Amino acid sequence: MRKALRWLLALTVFIGTLSTAAGAATAAEPEPTDIKDRLLSIPGMSLVQEKPYPGYRYFVLNFTQPIDHRHPDRGTFQQRITVLHRDMARPTVFYTSGYNVSTTPSRREPTQIVDGNQVSLEYRFFTPSRPDPADWSKLDIWQAASDQHRVYEALKPVYSANWLATGGSKGGMTATYYERFYPRDMDGVVAYVAPDDVVNDEDSAYDRFFERVGTKECRDRLNAVQREALVRREPLEKKYAAYAAEKGYTFATIGSLDKAYEAVVLDYVWGFWQYSLLKDCDTVPANAATATDEEIWNSVDTISGFSAYTDQGLETFTPYYYQAGTQLGAPTIHFPHIDKRLIRYGYQPPRNFVPRSIPMRFHPQAMRDVDTWVRHHAHHMLFVYGQNDPWGSERFRPGAGARDSYVFTAPGMNHGANVAGLVADQKSLATARILDWAGLPPSTVSQAKPLARYDAKLDARNAEREPAPRP
């Protein structure tokens, strides 16, 4: 019996040794060499579509994320990402718009500068990257930053060179929040036209901006059209009602056609400066008082968009307005050129643009925390603003505690401001810093030039015009 037991024990040890050896052999097997296989070997990663593009491989993917990063056992959702693959040895740029992700191949400015890969992430709660059912309390800047952190951790073994975070407007805000909560992930941050609304109730910087932006002639033209649209409220609202009926638009969220009409009109001047240039003032009616109703309507619709505050126009952007009303803040401006009797509602708060079934409560400490962190701890961060962009009125400003961080303003530019639009010495410095943060050799850094040739189809340069002034 003892011999039998000793034999059985020896056999068990032998089998265990074989299993360990087999496991070691399996662990030692080389990683897949094809980038598609590498990506799909990541737990939680699945392929939606691969699209061809010359010189790249482009993938649309889903990645499984926890709904609540503090309690990952409480459900998951699928978050959409795209990968523009250049070479596993090249730097990688991590881009988010802060909204939906485009599934058309594109390359952001830092990606062109470093000739790298680009990972683009759809912001949580923008469809299809929305949990079902949607617990809106899990839509906050820390949860979103944690989404980015998990994607980075999953992809870093594939793209082992340096990483840079970037984004424009709400995407620039997103890149900044990510750096604040996970400062050891990225080797640098390039944030474009990112607002920093530290004190939500103090917005005088915007009023000062509108008093001096552009030229007096242009300001007077815009102000006159905006005022005239309110003077002619009755006939133009009749036109609006017919337009809404034709398109099937409704106004349940904001409350009425009248409130939507005023919101669109009050966005007019802001919308012009966000997306237009000074030269575009020539497209604004020169004499609003003698312009026809059609001319006033067309100008306001072109710049502000009468669909913006319909239920159908608001639905896509519910996650943004929810965040604006809970953490990000939103601007309130005044209109000294308009008789107060013409304004019934004023600049309306984000609460008016989110269905009442979704509870909201503002947390003023969120932006104060981020602003304090940037002032005292920013490292390898570049902020780029446009001189004529209203959103730059309240901006990030790295302070004495910041290191190797910069704020530059592109003269004459709007919400599409970029490094290419800076004055020559700032453009060279910004480009060199981006190349250096990407881990490229000193000889390349000293050239201070983009490494990839401009591609008209791939490289986005202008701000994407949308109805309503959102960051």
Side-chain angles (χ1 to χ4, degrees), residues 168-173 191-197 203-230 262-286 288 291 295-296 298-306 308-309 317 320 324 328-338 343 346-348 383-396 407-418 420-422 460-471:
S169 198
K170 186 170 182 283
M173 298 157 72
Y192 296 88
V193 295
D196 180 27
D197 192 349
D203 290 327
S204 59
Y206 294 107
D207 292 324
R208 291 192 295 273
F209 169 87
F210 287 111
E211 288 174 358
R212 60 177 183 262
V213 62
T215 64
K216 185 178 185 304
E217 179 187 2
C218 187
R219 294 194 300 271
D220 288 346
R221 273 197 187 194
L222 291 164
N223 290 344
V225 171
Q226 185 178 55
R227 183 174 58 249
E228 196 67 23
L230 294 176
E262 183 171 293
V264 171
V265 171
L266 293 187
D267 283 347
Y268 176 75
V269 174
W270 185 301
F272 176 87
W273 292 113
Q274 179 166 343
Y275 293 116
S276 304
L277 300 173
L278 183 59
K279 63 181 178 61
D280 298 318
C281 278
D282 290 341
T283 66
V284 176
E295 288 172 326
I296 298 295
N298 288 340
S299 187
V300 174
D301 189 38
T302 299
I303 291 172
S304 300
F306 278 107
Y309 293 102
F317 299 99
Y320 161 67
L328 306 185
T332 298
I333 61 175
H334 302 93
F335 304 91
H337 58 283
I338 300 175
I343 298 178
Y347 244 41
Q348 298 177 55
F383 296 93
V384 179
Y385 293 95
Q387 179 188 11
N388 290 344
D389 176 23
W391 288 107
S393 301
E394 294 187 340
R395 59 179 60 188
F396 286 100
V407 180
F408 294 139
T409 300
M413 294 197 73
N414 58 17
H415 208 53
N418 55 17
L422 297 174
R461 281 292 180 264
N462 296 319
E464 298 174 4
R465 178 180 287 277
E466 297 176 351
R470 288 178 289 265

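Just so you know, these numbers come straight off a predicted model, no measurement behind them.
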Applying side-chain hydrogen bond (donor to acceptor under 3.5 Å, both in side chains), name anything that partners [X], two or more places apart in sequence or on another chain.
{"X": "Thr409", "result": "Arg395"}
{"X": "Tyr192", "result": "Glu109"}
{"X": "Ser204", "result": "Glu202, Arg208"}
{"X": "Trp273", "result": "none"}

Between [Y] and [X], is there a side-chain heavy-atom distance shorter than 4.5 Å?
{"X": "Met413", "Y": "Asn388", "result": "no"}
{"X": "Ser299", "Y": "Tyr268", "result": "yes"}
{"X": "Leu266", "Y": "Leu230", "result": "yes"}
{"X": "Tyr347", "Y": "Asp203", "result": "no"}

Minimum heavy-atom separation for [X] and [Y], please, with both atom names.
{"X": "Leu328", "Y": "Asp197", "answer": "O-CB, 3.6 Å"}
{"X": "Arg470", "Y": "His415", "answer": "O-NE2, 4.4 Å"}
{"X": "Cys218", "Y": "Phe272", "answer": "SG-CE2, 4.0 Å"}
{"X": "Phe306", "Y": "Val300", "answer": "CZ-CG1, 3.6 Å"}
{"X": "Ala291", "Y": "Pro285", "answer": "CB-CB, 4.4 Å"}

Output all residues satisfying ring-ring contact (aromatic ring centres under 6.0 Å, His included) with Tyr385, sequence neighbours left out; order by chain, then residue number.
->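 For Tyr385, no residue satisfies ring-ring contact (aromatic ring centres under 6.0 Å, His included) once neighbours in sequence are set aside.
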Apply ring-ring contact (aromatic ring centres under 6.0 Å, His included) to Tyr206 and list each qualifying residue two or more places apart in sequence or on a separate chain.
-> Trp270
Separation of [Y] [atom2] from [X] [atom1] (nearest 0.5 Å):
{"X": "Ile303", "Y": "Asn298", "atom1": "CD1", "atom2": "CG", "value": "11.0 Å"}
{"X": "Ile338", "Y": "Glu228", "atom1": "CD1", "atom2": "CD", "value": "11.0 Å"}
{"X": "Asp280", "Y": "Thr302", "atom1": "CG", "atom2": "OG1", "value": "11.5 Å"}
{"X": "Ser276", "Y": "Asp282", "atom1": "OG", "atom2": "CG", "value": "11.5 Å"}

Mind checking side chain to side chain contact (heavy atoms under 4.5 Å, CB included) for [X] and listing every partner two or more places apart, or none if nothing turns up?
{"X": "His337", "answer": "Asn223, Gln226, Arg227, Phe335"}
{"X": "Pro195", "answer": "Met173, Trp391, Pro471"}
{"X": "Ala286", "answer": "Arg221"}
{"X": "Asp207", "answer": "Ile333, His334"}

Can you sort out the partners of Asp220 under salt bridge (charged side-chain N to carboxylate O under 4.0 Å, His left out), two or more places apart, ordered by chain and number?
-> Lys216
What pairs with Glu262 under salt bridge (charged side-chain N to carboxylate O under 4.0 Å, His left out), at least two apart in sequence or on another chain?
->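 Listed in chain order: Arg233.
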CA sep, side-chain torsions, deciding dist, call: Asn414, Leu277, side chain to side chain contact (heavy atoms under 4.5 Å, CB included) = CA-CA 7 Å; Asn414 58 17; Leu277 300 173; 3.8 Å; yes
